[in-house]
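This report concerns only the one structure given below.
Since the model is a prediction, treat every value here as computed from it, not as a measurement. Residue numbers start from 1 in every chain, and the chains themselves are labelled A, B, ... in the order their sequence lines are given, proteins ahead of strands.
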Protein chains: 2
Amino acid sequence: MAVTVDVVVLTIRDDELQVLLVERGVEPFRGRLALPGGFIRAEEDAEPAARRELAEETALGGESLYLEQLRTFAAPHRDPRGRVVTVAYLAIAPDLPVPVGGTDARAARWQPVWSVLSRDVELAFDHAGIVEHGVDRARSKLEYTTLATAFCPEVFTMTELRRVYEVVWGVSIDARNFHRKVTNADDFLEPTGERRVLETGRPAALYRRGPARTLFPPMLRTAFPPVLPSDPDS
Amino acid sequence: MAVTVDVVVLTIRDDELQVLLVERGVEPFRGRLALPGGFIRAEEDAEPAARRELAEETALGGESLYLEQLRTFAAPHRDPRGRVVTVAYLAIAPDLPVPVGGTDARAARWQPVWSVLSRDVELAFDHAGIVEHGVDRARSKLEYTTLATAFCPEVFTMTELRRVYEVVWGVSIDARNFHRKVTNADDFLEPTGERRVLETGRPAALYRRGPARTLFPPMLRTAFPPVLPSDPDS
DNA sequence: TCAAAAGTGTTGTAGGTACACCCATGG
DNA sequence: CCATGGGTGTACCTACAACACTTTTGA
């Protein structure tokens, strides 16, 4: 029985939640988009395998990349080549100027998640279902953890952090209440003391992630609207 | 690479959170206690494999048994026989008069989780760590889902349900506020109209699980005290 | 002086905790 | 009538949504 890892890497680009996909160079599903991933090596644990595949196929990586196990998919005929069980991982990346398109010479690219969830873009294997799980997990974890900061660069403004919630949840959030809430939560954010001057408007204070990993009290959100082509202001 | 399933079955017996363990009949770890589980068959998905192993080894089963995937453990040397990856499942069972000790003739028995977590009882492989994950998951899910009812028989009293929270979390809960809270949550409980007369005291109303699977607003619990030998009244 | 973005103050309300109090049964 | 457990009412407090208002910049 073969065991692989597949990674759902999420980021926010152009005010949309996007997922990292690679074009398959070999059969089956040659030319089709798929999640980055591959076989676990003989002396390798699953998480290192996920990090390695990500680095090889997409040039994304580093210790700082947030990575957690999602779940395992083991349906008997999910891979036409035979019995392949895959351990899926969820990664969250900031929208860095990342040279996507890795050393493995395979074309990697970002794709809006709504295009995958709506099946406008068809992925190889059962990868669309895996992306669905990843998005669900990310949406839930924003509620009760400080995961949102994983979408942000090392220093960021309050508005950037708020956009994470708005884009991932597909809702609009009152900037003023949000500000109070996250600054009151212990160890969520650390002010750098610096300010960023934008093209227009008052300069925004800059923050860095704090040591907290859970958020109490949690961000409450009554329901998840469906994932749609970017319209958080409805 | 071999793939197995292992199941953490939790229940409440004698006002303690207990886990179902089987005594290993073969090497490695012969005679040692372990989680029920075994190899996935060629044409079998992981969850059916978990249900089958549970039925074979512990005579526990049925469609009604709550079962969810926990996570996958794939450390290279977790099994001395060679490379074995295991998909761990979490099951929750009511304290039925279950004939534990299954058709497979292997001795199955309940063990208080604190004895496992404290390492007073040493389990085979990395199963102690898996139990730890299962307990953590159950404790978290009581907060924001209706999972607590899975510990109860089909009809139950308010006090039985409250004992679930008290035992799993190791805290004491105000009976009066708890009553209001769960009766206000939509579709959590359905009153049967019946009452149960106990040895002493006013008869308690009987309830059945409602259709709700999530709990809103969630049960809040500021912190998890460590799992100890049964003392929820501290 | 205006537009735009950042940030504060205030008010109404929902839901939480703590606890006094009443209800129904067996002995 | 008392002990025991079931269930309601109420006061107080915290946290959140809504929204008016002030601050700081570039053009």
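- Between the P atom of D/dG7 and the CG atom of B/N184 lies a distance of 14 Å, rounded to the nearest Å.
- Identified under the ring pair (Phe, Tyr, Trp, His ring centres under 6.0 Å) test for residues 135-165 of chain A, with sequence neighbours left out: A/Y165-A/W169, A/Y165-A/F178.
- Residue contacts for B/A205: at a heavy-atom cut-off of 4.0 Å it reaches the sugar-phosphate backbone alone, with no base atom in range.
- B/T145 meets the side-chain contact (heavy atoms from CB on, under 4.5 Å) test with B/K141, B/L147; sequence neighbours excluded.
- One can place CZ of B/F178 at 17 Å from C1' of C/dA18, the figure rounded to the nearest angstrom.
- In this structure, B/R71 is positioned above the aromatic face of B/F73, its NZ or CZ under 6.0 Å from the six-membered ring centre and within 45° of the axis.
- For B/E47, the side-chain contact (heavy atoms from CB on, under 4.5 Å) partners are B/R51, B/L67, B/Y89, not counting sequence neighbours.
- We find that CG of B/L220 is positioned 12 Å from C1' of C/dT17, with the value rounded to whole Å.
- Residues satisfying the side-chain contact (heavy atoms from CB on, under 4.5 Å) criterion with B/P203, sequence neighbours excluded, are B/R195, B/V197.
- Counting to the nearest Å, the P atom of C/dG9 and the NZ atom of A/K181 are 19 Å from each other.
- Applying the side-chain contact (heavy atoms from CB on, under 4.5 Å) test to B/R180 and every residue at least two apart in sequence or in another chain returns B/N177, B/N184.
- The distance from atom NE2 of A/H179 to atom P of C/dA5 is 16 Å, rounded to the nearest whole Å.
- When A/L10, A/V9, A/D95 are each tested for a side-chain contact (heavy atoms from CB on, under 4.5 Å) with A/W110, only one passes: A/V9.
- We find that CD of B/E160 is positioned 13 Å from C1' of D/dG5, with the value rounded to whole Å.
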B/S/- contact track for nucleotides 19-27 of chain C, protein heavy atom under 4.0 Å: BBB-BBBS-

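- For A/P217, the listed nucleotide lying nearest its side chain is D/dC16; candidates were D/dC16, C/dA5, C/dG7.
- Dashed line: the shortest gap from a side-chain N or O of B/T159 to OP1 or OP2 of D/dG6 is under 4.0 Å.
- One can place CE of A/M158 at 20 Å from P of D/dT23, the figure rounded to the nearest angstrom.
- The distance from atom CD1 of A/I173 to atom P of D/dC19 is 16 Å, rounded to the nearest whole Å.
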